[in-house]
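Have a look at the structure below before the remarks.
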Amino acid sequence: MVYEIAQNKITDIKFCKESTQKTFEIGWKDYEEYIEIDVPEDFSFEQCMVYLGRSDTEILHKIEKGEFYKLLNFDGVNILISIAMNLKKLKVTFLEKAPPKPFRLLTAKYMWNMFDLGTDLTQFYKLAETDSIIKLLVDKYKGLRVVKTDDVFEAICWAIIGQQINLKFAYTLKKRLVESYGERVEYKNNEYFLFPTPFVISKLEVEDLKHLQFTIRKAEYVIGVANLLKDGIITKKELLLEKNCEKLKQRLVQIRGVGNWTADYTILKCFDIKDAFPIADVGIYNALKGILKLDEKPSINEIEKLSKNWNGWQPNTTFYLWRWLYE
DNA sequence: ATCCAGGAGTCCG
DNA sequence: CGGACTCATGGA
């Protein structure tokens with residue numbers, strides 16, 4: 001039996017050839033009921049957990065006693081896992097019965113993508129020698145990775161939901177959306193959810209989402225994106241072929257409801273593109289305002305100047321800046 | 001109450 | 001193209 005990788009799932013594990021950055025090879029061991037994945041020497045599971053644990057309203061995973069729980073789905077097959085560090089390796093445990101071997105490989109690849117384990121951050125850390133902002137961030141949060149979202153529908157929806165509202169309310173909206181329309185699995189008195197599929201959301205009316213306190217616009221945007229993906233007008237597989245940040249952005253911005261910020265954010269969260277940078281993000285300028293002790297938020301021009309020093313490492317810098325906000 | 005929040009579309013010159 | 005206006009809802 002051949003297991004196909006769904007089109008919009010699992011980023012190709014091969015890395016962008018034109019990238020000048022070093023990459024690590026994936027390494028993992030299969031122990032049936034769990035797998036162990038090699039991680040870079042500097043990898044900090046704890047720092048990634050701070051990012052992933054930034055909201056107590058997060059519905060798509062749980063963190064308990066430093067252990068991470070999430071429901072995965074490969075081609076219709078649900079896999080409930082927990083993740084923890086064990087002897088400098090990432091240990092992923094299958095909480096229900098161990099899935100067939102191809103799915104254990106997919107799980108390893110999923111983690112590799114989610115924690116961006118392929119990127120060698122040596123050059124990023126070296127930037128700290130010449131950039132005081134990077135130095136401050138790296139000193140504090142070394143080992144934090146760019147935590148990715150595999151599902152492009154989820155990534156775009158989450159960005160749309162987050163437009164122009166505070167993060168707390170954004171998490172509330174996501175929770176309502178997922179609880180209302182996402183698949184649910186129960187395990188030991190806990191519930192775990194999948195992000196809703198484009199198919200399910202495409203069937204909704206604007207009114208359905210208005211009841212969840214979505215604005216009319218956001219409801220239209222989310223349903224619209226669902227239709228584009230459901231009909232195959234947009235596929236992640238096709239988007240992955242575009243390695244140029246600007247060109248990828250141009251394609252995303254054509255989607256109704258996706259402006260500059262949403263496109264930048266989606267690329268950062270869902271694609272392995274090294275100059276993705278949501279320059280209009282209020283989180284970024286709030287962090288910079290705080291770090292640089294500015295009286296007012298920095299202008300786009302000022303951020304552009306700063307970010308030139310970060311060329312090729314904008315995604316990492318963005319995550320480290322966001323991390324600074326969670327102190 | 002007032003301002004802001006991990007904005008986008010539209011219109012107008 | 002760039003700016004002003006509109007939409008829209010909870011949090012602090």
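Note that the structure is a prediction, hence the values are computed from the model and not measured. Letters A, B, ... are given to chains in the order of the sequence lines, protein chains preceding strands, and every chain is numbered from 1.
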Only counting residues at least two apart or in another chain, list the ones meeting side chain to side chain contact (heavy atoms under 4.5 Å, CB included) with A:Leu241. none
Check: residues 29-38 of chain A side-chain donor-acceptor pairs under 3.5 Å, at least two apart:
| from | atom 1 | to | atom 2 | distance (Å) |
| --- | --- | --- | --- | --- |
| A:Asp30 | OD1 | A:Glu32 | N | 2.9 |
| A:Asp30 | OD1 | A:Arg104 | NE | 2.8 |
| A:Asp30 | OD2 | A:Arg104 | NE | 2.8 |
| A:Asp30 | OD2 | A:Arg104 | NH2 | 3.1 |
| A:Glu36 | OE2 | A:Asn86 | ND2 | 3.2 |
| A:Asp38 | OD1 | A:Lys89 | NZ | 2.6 |

Which pair of heavy atoms, one from A:Leu321 and one from A:Ala287, lies closest together, and at what distance? O-CB, 3.4 Å
Touch check for A:Gln164, heavy atoms < 4.0 angstrom, all strands: base, sugar-phosphate only, or nothing? base
With heavy atoms under 4.0 Å as the rule, sort A:Thr172 into base, sugar-phosphate or nothing. nothing
Where does the chain A footprint on DNA chain C start and end, counting 5' to 3' with a 4.0 Å heavy-atom cut-off? C:dA8 to C:dA12
Classify A:Ile284 by what it touches in the nucleic acid, base, sugar-phosphate, or nothing, heavy-atom distance under 4.0 Å. nothing
Mark yes when over 12 heavy atoms from residues, nucleotides or ligands other than A:Glu327 sit less than 6.0 Å from its CD; otherwise mark no. yes
Verify the neighbour count for atom NZ of A:Lys175: are there more than 12 heavy atoms of other residues, nucleotides or ligands below 6.0 Å? no
Applying side chain to side chain contact (heavy atoms under 4.5 Å, CB included), can you list everything that pairs with A:Ala226, at least two apart in sequence or on another chain? A:Phe153, A:Pro198, A:Ile201, A:Ser202
From the list B:dA5, B:dA8, B:dT10, which nucleotide is the closest neighbour of the side chain of A:Trp261? B:dA8
Apart from A:Tyr69 itself, what residues make up its hydrophobic cluster when side-chain heavy atoms of I, L, V, M, F, W and Y under 4.5 Å apart count as a link, directly or indirectly? A:Leu71, A:Leu80, A:Leu95, A:Val185, A:Tyr187, A:Tyr192, A:Leu194
Contact list for DNA chain B against residues 316-327 of chain A - heavy-atom distance below 4.0 Å: A:Trp322, A:Tyr326
